[in-house]
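See structure below.
Protein chains get the first letters and strands the later ones, always in sequence-line order, with residue 1 at the start of each.
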Amino acid sequence: MSGETQRMTMGKAINTGLRHALEGDPKVLLMGEDIGALGGVFRVTDGLQKDFGDDRVVDSPLAESGILGTAIGLALRGYRPVCEIQFDGFIFPAYDQITTQLAKIHNRSKGRLQVPVVIRVPSGGGIGAVEHHSESPEALFAHTPGLRVVAPSTPQDAYTMIREAVASPDPVLYFEPKARYWDKGDVDTSVFGTDASRASLDAAQVVRPGSDVTLVTYGAAVHVSLKAAEAAAAEGTSVEVVDLRAVSPLDTATVAASVRRTGRCVVVHEAATFLGPGAEVAARVSEECFYSLEAPVLRVGAFHAPYPVSKIEHDYLPSVDRILEAVDRLLSH
Amino acid sequence: MDQQTPAAEHVAESSAHPTDAQMIQLLTPSGERTAEGGSAPYAKRVAHLDHDALRGLYEDMVLVRRFDDEATALQRQGELGLFPQCLGQEAAQVGSGRALAAQDYVFPSYREHGVAHTRGLDLAQILLQFRGVDHGGWDTEAHNFHLYTLVIGSHALHATGYAMGVQRDGLVGTGDPDRDTAVVAYFGDGSTSQGDVNEALVFAATTNAPVVFFCQNNQWAISEPTTKQSRVPLYRRGDGFGIPGVRVDGNDVLASYAVMDEALERARSGGGPTFVEAFTYRMGAHTTSDDPTRYRSRAEEQSWRERDPIDRLRKHLESEGAWDQGWAEQVAAEADALGEHLRTYVRALEAPPASSMFDTVYASEHGTVTAERAWHAEYEAGFETSEVAR
Ligand SMILES: Cc1ncc(C[n+]2csc(CCOP(=O)(O)OP(=O)(O)O)c2C)c(N)n1
Ligand SMILES: [Mg+2]
């Protein structure tokens with residue numbers, strides 16, 4: 001680790017990444033609702049308007065389609081807008097701009113035009129919120145060719161990945177696990193620009209080695225998966241945890257290599273399992289690791305029901321118990 | 001150019017603070033009756049409100065404020081996850097709400113507790129949502145009051161479509177005051193930036209739908225002042241759509257009543273939509289999660305305390321000799337009883353069973369949900385037996 005390593009929360013790591021991106025490129029600007037004086041409802045942009053001015057950290061009108069549509073125009077003019085959507089459930093007014101325009105302009109122009117827009121989305125549940133404040137809509141975007149869809153799970157990745165997202169020539173949806181904003185970890189800011197850093201938007205990582213079962217996960221669900229792995233270890237089961245980091249592209253090579261070692265795979269995410277990212281992972285694993293599998297691939301995620309009222313949200317989200325139940329099922333196969 | 005073009009002049013009027021004279025006002029901040037200039041035609045719309053009726057409006061506002069205080073306290077005690085106060089907006093909400101007829105239909109956003117009260121809701125029901133035990137909480141059809149919509153602006157279109165339905169049902173312009181029906185969308189200043197709100201104006205204008213857009217300009221959309229949303233006053237938003245607009249002093253319960261009364265009459269009689277801007281102030285935080293000290297001054301908040309809508313009506317009642325101490329004590333007791341009711345009701349609200357998440361996803365049988373529900377039941381049961389086994 002270098003002298004540029006500091007311990008900080010995930011929220012602060014993103015804040016620091018945005019700060020460095022603003023410092024490093026005058027074309028970078030932040031846009032969103034309440035990101036200026038307030039610093040965003042989660043304070044992720046805290047202090048940035050004060051230091052960079054209100055023309056680089058812009059409190060936009062209350063209109064998500066407007067934010068994304070004008071970000072596209074700014075990007076076409078050579079700027080690198082980083083848009084904040086206040087909560088996952090409020091991205092939908094911008095869904096049209098994101099899927100029909102942002103995702104397609106590069107291809108439509110035969111590669112002549114780039115639209116390097118970053119969309120930061122505090123997402124996921126577990127914070128006791130009212131409706132629309134706890135959702136995990138990443139599959140909708142991963143299903144759209146032309147968008148990169150990523151989700152960090154640690155302060156270090158949060159820093160590295162936001163820097164890489166801003167630098168990426170492609171549009172990037174950057175899903176921030178809001179329940180983990182306050183988790184602390186070491187962040188080495190000198191990694192940006194290295195090969196390892198560049199890989200952060202493409203490559204999965206084994207975050208805990210194990211030999212009996214592979215848990216494939218990303219974003220907020222990494223935390224609960226690691227806890228489950230810990231609990232399994234106490235009962236004598238060795239669980240490997242793979243943090244995908246990106247849902248699109250999907251690093252099937254890293255996943256397949258792990259599953260070939262363990263022979264068992266559970267995909268864990270907060271998004272619904274029905275047509276969710278885990279369905280794709282499961283299909284790829286069965287295609288690529290069929291002869292290594294000891295049991296079918298299982299998924300632990302949300303149900304095919306709207307995000308429930310907060311008093312029962314923990315029954316909806318993947319939990320240590322539900323992950324262990326899946327692990328047990330695989331082992332008893 | 002030396003001279004401003006008419007177009008430039010047109011936008012010169014700022015969206016920032018209007019003076020009293022630039023709003024429809026029937027009660028001055030010190031509680032005196034007024035009806036100057038453009039406000040004059042509105043005086044007749046409140047002429048029938050006798051002392052009893054005025055005291056009724058006062059009582060409404062006091063109860064709504066108690067609800068606000070009580071819910072805020074319950075949130076602080078951890079009984080609610082979140083609460084958005086309507087503190088300071090009671091006159092705009094109660095005044096406009098009391099102008100509604102039983103058959104009218106309201107699409108609120110999430111801060112319309114005062115309107116809810118005028119629609120006869122037990123305000124405790126609003127707290128189900130904020131306790132996290134229900135996504136809605138009341139019988140919309142019993143009150144002609146739709147569920148709160150949390151996605152900014154969406155419901156402006158719902159209100160417009162509902163009004164288009166009312167129109168198709170032939171319940172506009174019949175001349176029968178018990179049948180002619182208006183629909184109201186309540187939303188805030190920030191909401192006027194959403195595409196959905198502007199599309200609602202397009203649909204309402206082109207269909208001449210019986211809908212009123214009641215915009216409470218409380219001057220803040222969380223941390224953003226209204227000047228971030230509009231260069232011109234919001235009441236003029238309807239201009240380009242062909243929808244008449246009016247700006248009312250939203251801290252004046254009588255003017256809010258009168259302006260809404262006119263807009264509803266226009267809608268019910270077939271005159272089409274109206275855009276009302278009720279100029280008011282969000283005296284509290286955006287919600288209990290918000291920290292307004294980060295973006296606005298204490299001095300600003302203080303200056304609006306002096307325009308408190310409840311104090312204004314109280315002063316008026318006093319100057320009219322309509323303030324009766326015995327009655328005021330009754331209202332205070334009623335407010336205390338409401339507080340007690342809210343506390344007891346909320347604390348007794350239990351989490352629904354986890355399986356309830358599957359109950360109402362679809363109106364008809366859906367195999368995927370059925371299968372997941374069955375899996376969940378089995379999973380839970382397995383849990384119970386294994387616990388017994390341990
Ligand atoms: C589509 C959408 N975007 C963002 C939000 C988050 N949000 C909730 S309230 C609010 C401000 C609303 O301001 P205004 O319309 O003035 O209403 P007020 O809260 O002042 O009553 C915002 C940005 C949301 N609920 N919906
Ligand atoms: Mg507002």
Discussion item. Can you tell me which portion of F90(A) sits under 4.5 Å from chain B's heavy atoms? Options are side chain, backbone, both or neither.
Written reply: side chain
Practice prompt. Please determine, by modelled atom types, if Q216(B) and E112(B) share a side-chain donor-acceptor pair under 3.5 angstrom.
Written response: yes
Item to complete: Look at the aromatic rings of F141(A) and Y95(A) and report parallel, tilted or perpendicular, splitting at 30° and 60°.
Response: perpendicular
Worksheet item: Which region of E325(A), side chain (C-beta onward) or backbone (N, CA, C, O), has a non-hydrogen atom less than 4.5 Å from a non-hydrogen atom of chain B, or is it both or neither?
Response: side chain
Response to the item:
Scored by heavy-atom pairs under 4.5 Å with chain B, the best of P61(A), G128(A), G36(A) is P61(A)
Discussion item. Are more than 12 heavy atoms, taken from residues, nucleotides or ligands other than F241(B), located less than 6.0 Å from that residue's CZ atom?
Written reply: yes
Worksheet item: With a 4.5 angstrom heavy-atom cut-off, which part of Y316(A) approaches chain B: side chain, backbone, both or neither?
Response: both
Worksheet item: Taking NZ, NE, NH1 and NH2 as the nitrogens, is one of them in R298(B) or E301(B) under 4.0 Å from a carboxylate oxygen of the other?
Response: yes
Worksheet entry | Member of E131(A), E313(A), E135(A) meeting the side chain to side chain donor-acceptor pair (under 3.5 Å) criterion with Y307(A) | E313(A)
Item to complete: Against chain B, label E33(A) side chain, backbone, both or neither, depending on which of its atoms sit under 4.5 Å from a heavy atom there.
Response: both
Worksheet item: Where on L82(B) is there a heavy atom nearer than 4.5 Å to chain A: the side chain, the backbone, both, or neither?
Response: side chain
Worksheet item: Is it the side chain or the backbone of Y362(B) that comes within 4.5 Å of chain A heavy atoms, both, or neither?
Response: side chain
Discussion item. Report which part of P353(B) has an atom under 4.5 Å of a heavy atom belonging to chain A: side chain, backbone, both, or neither.
Written reply: backbone
Worksheet entry | R294(B) and D291(B) ion-paired at < 4.0 Å | no
Item to complete: Can you tell which part of H132(A) gets under 4.5 Å to a heavy atom of chain B, answering side chain, backbone, both or neither?
Response: side chain
Worksheet item: chain A heavy atoms under 4.5 Å from H286(B): which part of the residue, side chain, backbone, both or neither?
Response: neither
Worksheet item: Side chain, backbone, both or neither: which part of I152(B) has an atom under 4.5 Å from a heavy atom of chain A?
Response: side chain
Practice prompt. Please determine, by modelled atom types, if D290(B) and Y295(B) share a side-chain donor-acceptor pair under 3.5 angstrom.
Written response: yes
